[in-house]
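First up is the structure itself, then whatever we jot down about it.
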Amino acid sequence: MGEARGYFLSFEGGEGTGKSTQVERLHRRLGKSDIASRTTREPGGTKAGRQVREVLLHTNDESMRLSPMSEALLFGLDRLEHLEKVIRPALGEGRWVLCDRFADSTLAYQGYALGGDIKDIKALNALVVGKTQPDLTFVLDVAAEKSLERVRARDGELSYYDGKMIEFHEKIRAAFLEIAKDDPERCVVIDADAPEEKVAERIETICRERLGVKFP
Ligand code: TMP
């Protein structure tokens, strides 16, 4: 057996930017090229993580909300479990991992938007993630007003963060752009206001150019 390791790709961006749709589309596209991939998400990529997800996303009583750094630790706990139980095993089997949100979300939400200490959150992310940095991160970018409209038009319950005011979502958008600017080797900003099909094509092009994938 060789040492074949799959690629690790994360998809980041605000609410309603189409990350989950693009994760699924790329998964299907890779399948057609006989590349095995696994889709997953944060928070809640493991059984234990799904309980953490419930606490983080559906505690709407402000008096019960955690401080930004405590939230970051809880997202970090979810990520550590996810890395150990799902991400690293899949990569080790040679699969690609397509992850809907990863450590950049903690920096954007708990750091830049909620005011947690940026240096501490970067240190926490480094501790949790270790060497398993994504090979490539797609930052899906849409104007906050537009992405919020998409979220509010969805069926189903809004999460705590979905329910925040527009200013919060503008901060999130700016945070992801900043994160991408700081790490251009890993991050690619994608205009996600374009039609779904076009966004998918752009993502495929980047996979061809950066990872040498040959789509049929
Ligand atoms: P989603 O699965 O619909 O994207 O919801 C996840 C929510 O959790 C979203 O509002 C972003 C938020 N989040 C953080 O605040 N910090 C994190 O580290 C992660 C992974 C998600």
Side-chain angles (χ1 to χ4, degrees), residues 8-24 39-46 48-60 62 64-87 97-118 120-129 132-134 137-142 144 147-176 178-179 187 190 192:
F8 178 24
L9 271 48
S10 62
F11 291 68
E12 298 277 12
E15 326 291 333
T17 50
K19 294 179 303 303
S20 318
T21 307
Q22 294 301 330
V23 164
E24 275 312 314
T39 63
T40 186
R41 71 166 177 184
E42 289 191 1
T46 61
R50 284 190 268 289
Q51 284 181 292
V52 176
R53 182 179 172 92
E54 195 49 36
V55 171
L56 284 161
L57 270 57
H58 297 293
T59 301
N60 291 317
E62 284 294 341
M64 286 171 68
R65 289 302 302 186
L66 302 167
S67 75
M69 199 59 197
S70 300
E71 275 192 19
L73 284 166
L74 215 41
F75 279 108
L77 177 153
D78 171 75
R79 185 160 304 126
L80 200 57
E81 283 294 300
H82 193 207
L83 279 159
E84 284 176 12
K85 308 235 165 92
V86 176
I87 299 176
V97 172
L98 313 181
C99 193
D100 187 342
R101 295 195 183 279
F102 194 62
D104 295 323
S105 280
T106 308
L107 192 55
Y109 282 76
Q110 283 63 49
Y112 289 112
L114 291 171
D117 186 274
I118 300 295
D120 287 350
I121 292 182
K122 283 187 177 171
L124 172 70
N125 280 349
L127 177 72
V128 170
V129 173
T132 319
Q133 278 289 346
T137 296
F138 294 108
V139 172
L140 272 57
D141 182 54
V142 179
S147 62
L148 261 193
E149 253 171 47
R150 290 186 189 169
V151 169
R152 292 184 178 153
R154 277 182 200 154
D155 288 336
E157 208 185 338
L158 292 182
S159 79
Y160 171 77
Y161 305 102
D162 292 334
K164 288 228 170 234
M165 305 301 280
I166 183 85
E167 292 75 17
F168 177 82
H169 298 279
E170 277 163 356
K171 275 192 199 167
I172 294 291
R173 183 189 187 198
F176 280 120
E178 182 77 25
I179 290 168
C187 302
I190 306 279

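Quick caveat, the model's predicted, so the values are computed rather than measured. All residue numbers in this chain count up from 1 along the given sequence. Read the numbers this way: they start at 1 and go in the same order the structure lists the ligands and their atoms. Because only heavy atoms are used, hydrogens play no part in the values below, and waters and symmetry mates are left out as well, while side chains stay in.
One distance of note links CG of Leu77 with CG of Leu124; it measures 10.5 Å at 0.5 Å rounding. In this structure, Asp104 CG and Ile121 CD1 are separated by 12.0 Å, a value rounded to the nearest 0.5 Å. Rounding to the nearest 0.5 angstrom, the gap separating the CZ atom in Phe176 from the CG atom in Asp141 is 10.5 Å. Rounded to the nearest 0.5 Å, atoms CD1 (Ile179) and OG (Ser105) are 8.0 Å apart. For the atom pair CZ (Arg101) and OH (Tyr109), the distance works out to 3.5 Å, reported to the nearest 0.5 Å. Between the CD atom in Glu12 and the CD atom in Glu42 there is a gap of 8.5 Å [rounded to 0.5 Å].
Among all protein heavy atoms, the one lying closest to atom 1 (P) of ligand 1 is Arg53 NH2, 3.8 Å. At the shortest separation from atom 14 (C) of ligand 1 among protein heavy atoms lies Phe75 CZ, 3.1 Å. Protein heavy atom nearest atom 4 (O) of ligand 1, with residue, atom name and distance: Arg101 NE, 2.7 Å. In terms of protein heavy atoms, atom 10 (O) of ligand 1 is closest to Glu15 OE2, 2.7 Å. Looking from atom 16 (N) of ligand 1 to the surrounding protein, the closest heavy atom is Gln110 OE1, 2.8 Å. Looking only at protein heavy atoms, the nearest one to atom 18 (O) of ligand 1 is Thr106 OG1, 2.5 Å. For atom 8 (O) of ligand 1, the closest non-hydrogen atom of the protein is Leu57 CD1, 3.6 Å.
With respect to the salt-bridge test (charged N to carboxylate O, under 4.0 angstrom), the residues Arg150 and Glu15 do not qualify.
For ligand 1, the atoms closer than 4.0 angstrom to any heavy atom of Ser105 are 16 (N), 17 (C), 18 (O), 19 (C), 20 (C). Against a heavy-atom cut-off of under 4.0 Å, Arg79 is close to the following atoms of ligand 1: 18 (O), 20 (C). Set against the non-hydrogen atoms of Glu42, the atoms of ligand 1 under 4.0 Å away are 20 (C).
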